[in-house]
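Below is one structure, written out as structure tokens, with a few remarks after it.
Chain naming here is simple, since letters A, B, ... match the order of the sequence lines and numbering starts at 1 in each. The structure presented is a predicted model; accordingly, all values stated were derived computationally and were not measured.
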Amino acid sequence: MTVEITTTDILLDRILEQVRTENTGGIVSFVGTVRKRSRGHIIKELQYEIYEEMAVKEMETLETLSRNKFELENIMIVHRTGTFTVGERVVAIAVAARHRKTAFEACEFIIDELKRSVPIWKKEIAENGEFWVND
Amino acid sequence: MKIQVKLFASHRELAGESEVSIDLADNARIADLIEKLFNKYPDMEKLRDETIVSVNKNFAENDAVLKDGDEVAIFPPVSGG
């Protein structure tokens with residue numbers, strides 16, 4: 001599976017090895033982590049909710065779109081679901097390509113598109129209340 | 001026809017349920033479903049401008065026609081990643 005929704009921790013070494021092919025010259029990865037301050041709030045926890053069947057479908061569509069747009073050896077997209085504290089890893093994207101320029105561009109494209117199109121929602125559990133992130 | 005509607009995030013919280021059944025006339029549109037949903041859960045009215053719909057796991061527009069057995073989901077703008 002090159003797209004995954006999981007509850008388990010994101011292990012980057014595993015992802016890098018899974019995505020590498022013998023023609024890979026560069027692997028670029030992005031890891032999204034929970035940060036302490038967001039939109040004026042101090043975060044205690046982030047809660048993620050996912051419409052799983054549609055999210056997997058959209059992530060697969062995103063993979064196809066990316067492979068059509070960039071010449072890639074491999075892609076992996078992993079998003080966790082559940083509740084996370086500051087510092088935890090929530091999402092990982094790894095892109096393997098023959099050359100690094102393509103890998104960098106594709107990785108940025110994929111996370112930007114994921115944030116726009118995949119049915120996942122996050123709720124900030126902050127010191128001063130709970131807020132769904134809608135922007 | 002009866003349409004099963006999955007709710008997520010703020011819509012789910014306001015309804016207090018993650019899935020609801022909505023009765024609709026044949027060939028009803030998504031706009032009709034949304035009106036029935038907001039009638040059933042008046043608190044959801046404040047989310048009207050932030051309401052997005054999917055049908056059979058594809059994003060859909062308000063004028064799309066529904067058919068019996070469609071899987072509909074209603075939710076706010078996504079915020080993953």
> Which bit of Ile93(A) comes within less than 4.5 Å of chain B, counting heavy atoms only: side chain, backbone, both or neither?
Replying inline: neither
>> Using heavy-atom distances under 4.5 Å, tell me whether Arg116(A) contacts chain B through its side chain, its backbone, both, or neither.
In response: backbone
>> Report, in residue-number order, which members of residues 29-36 of chain A are under 4.5 Å from chain B by heavy-atom distance.
In response: none
> Crowded around Asn68(A) CG? As in, over 12 foreign heavy atoms under 6.0 Å?
Replying inline: yes
>> Just to be sure I understand the criterion: a residue of residues 27-48 of chain B counts if one of its heavy atoms is under 4.5 Å from a heavy atom of chain A. Which ones qualify?
In response: none
> Of the non-hydrogen atoms in Val78(B) and Val118(A), which two are nearest, and what is the gap between them?
Replying inline: CB-O, 3.3 Å
> Does a sphere of radius 6.0 Å around CG in Asp9(A) hold more than 12 heavy atoms from other residues, nucleotides or ligands, not counting ones at 6.0 Å or beyond?
Replying inline: yes
> What part of Lys57(A) is in contact with chain B, defined as an atom under 4.5 angstrom from a non-hydrogen atom: side chain, backbone, both or neither?
Replying inline: side chain
> Where on Lys123(A) is there a heavy atom nearer than 4.5 Å to chain B: the side chain, the backbone, both, or neither?
Replying inline: side chain
> Does atom CD of Gln4(B) have more than 12 heavy-atom neighbours, drawn from other residues, nucleotides or ligands, at distances under 6.0 Å?
Replying inline: yes
>> If hydrophobic clusters are built by linking Ile, Leu, Val, Met, Phe, Trp and Tyr wherever their side-chain heavy atoms come under 4.5 Å apart, do Val90(A) and Val86(A) end up in the same one?
In response: yes
>> Would you say CZ of Arg67(A) has more than 12 non-hydrogen atoms from neighbouring residues, nucleotides or ligands within 6.0 angstrom?
In response: yes
>> Please classify the contact between Glu53(A) and chain B as side chain, backbone, both or neither, with a heavy-atom cut-off of under 4.5 Å.
In response: both
>> Between Tyr48(A) and chain B, with a heavy-atom cut-off of 4.5 Å, which part of the residue counts as in contact: side chain, backbone, both or neither?
In response: side chain
>> Would a single hydrophobic cluster contain both Ile74(B) and Ile3(B), if residues Ile, Leu, Val, Met, Phe, Trp and Tyr are joined by side-chain heavy-atom contacts under 4.5 Å?
In response: yes
>> Less than 4.5 Å to any heavy atom of chain B: does that hold for the side chain of Gln47(A), its backbone, both, or neither?
In response: neither
> With distance as the sole test, does Ser79(B) use its side chain to make a donor-acceptor pair with the main-chain N or O of Val133(A) at under 3.5 Å?
Replying inline: yes
>> To check you understand the geometry: which heavy-atom pair defines the closest contact between Phe8(B) and Glu49(A), and what is its length?
In response: CA-OE2, 3.4 Å
> Where do Asn134(A) and Pro76(B) come nearest, in terms of heavy atoms and distance?
Replying inline: OD1-CB, 3.8 Å
>> Rounded to the nearest 0.5 Å, what separates atom CH2 in Trp121(A) from atom NE2 in His11(B)?
In response: 10.0 Å
>> In this structure, would Ile125(A) and Ile43(A) fall into the same cluster of hydrophobic residues linked by side-chain contacts under 4.5 Å?
In response: no
> In the single-linkage hydrophobic clustering (I, L, V, M, F, W, Y; side-chain heavy atoms under 4.5 Å), do Leu65(A) and Val3(A) co-cluster?
Replying inline: yes
>> Using the rule that Ile, Leu, Val, Met, Phe, Trp and Tyr join whenever any side-chain heavy atoms are under 4.5 Å apart, tell me whether Ile120(A) and Ile75(A) fall into a single cluster.
In response: yes
> Can you tell me how far CZ of Phe75(B) sits from CE of Met54(A), rounded to the nearest 0.5 angstrom?
Replying inline: 4.5 Å
>> Show me the pairs that pass ring-ring contact (aromatic ring centres under 6.0 Å, His included) and involve residues 3-25 of chain A, at least two apart or across chains.
In response: none
>> Strictly less than 4.5 Å between heavy atoms, which residues of residues 51-71 of chain B line up against chain A? Please order them by number.
In response: Ser54(B), Lys57(B), Asn58(B), Phe59(B), Glu71(B)
> With distance as the sole test, does His79(A) use its side chain to make a donor-acceptor pair with the main-chain N or O of Gly81(B) at under 3.5 Å?
Replying inline: yes
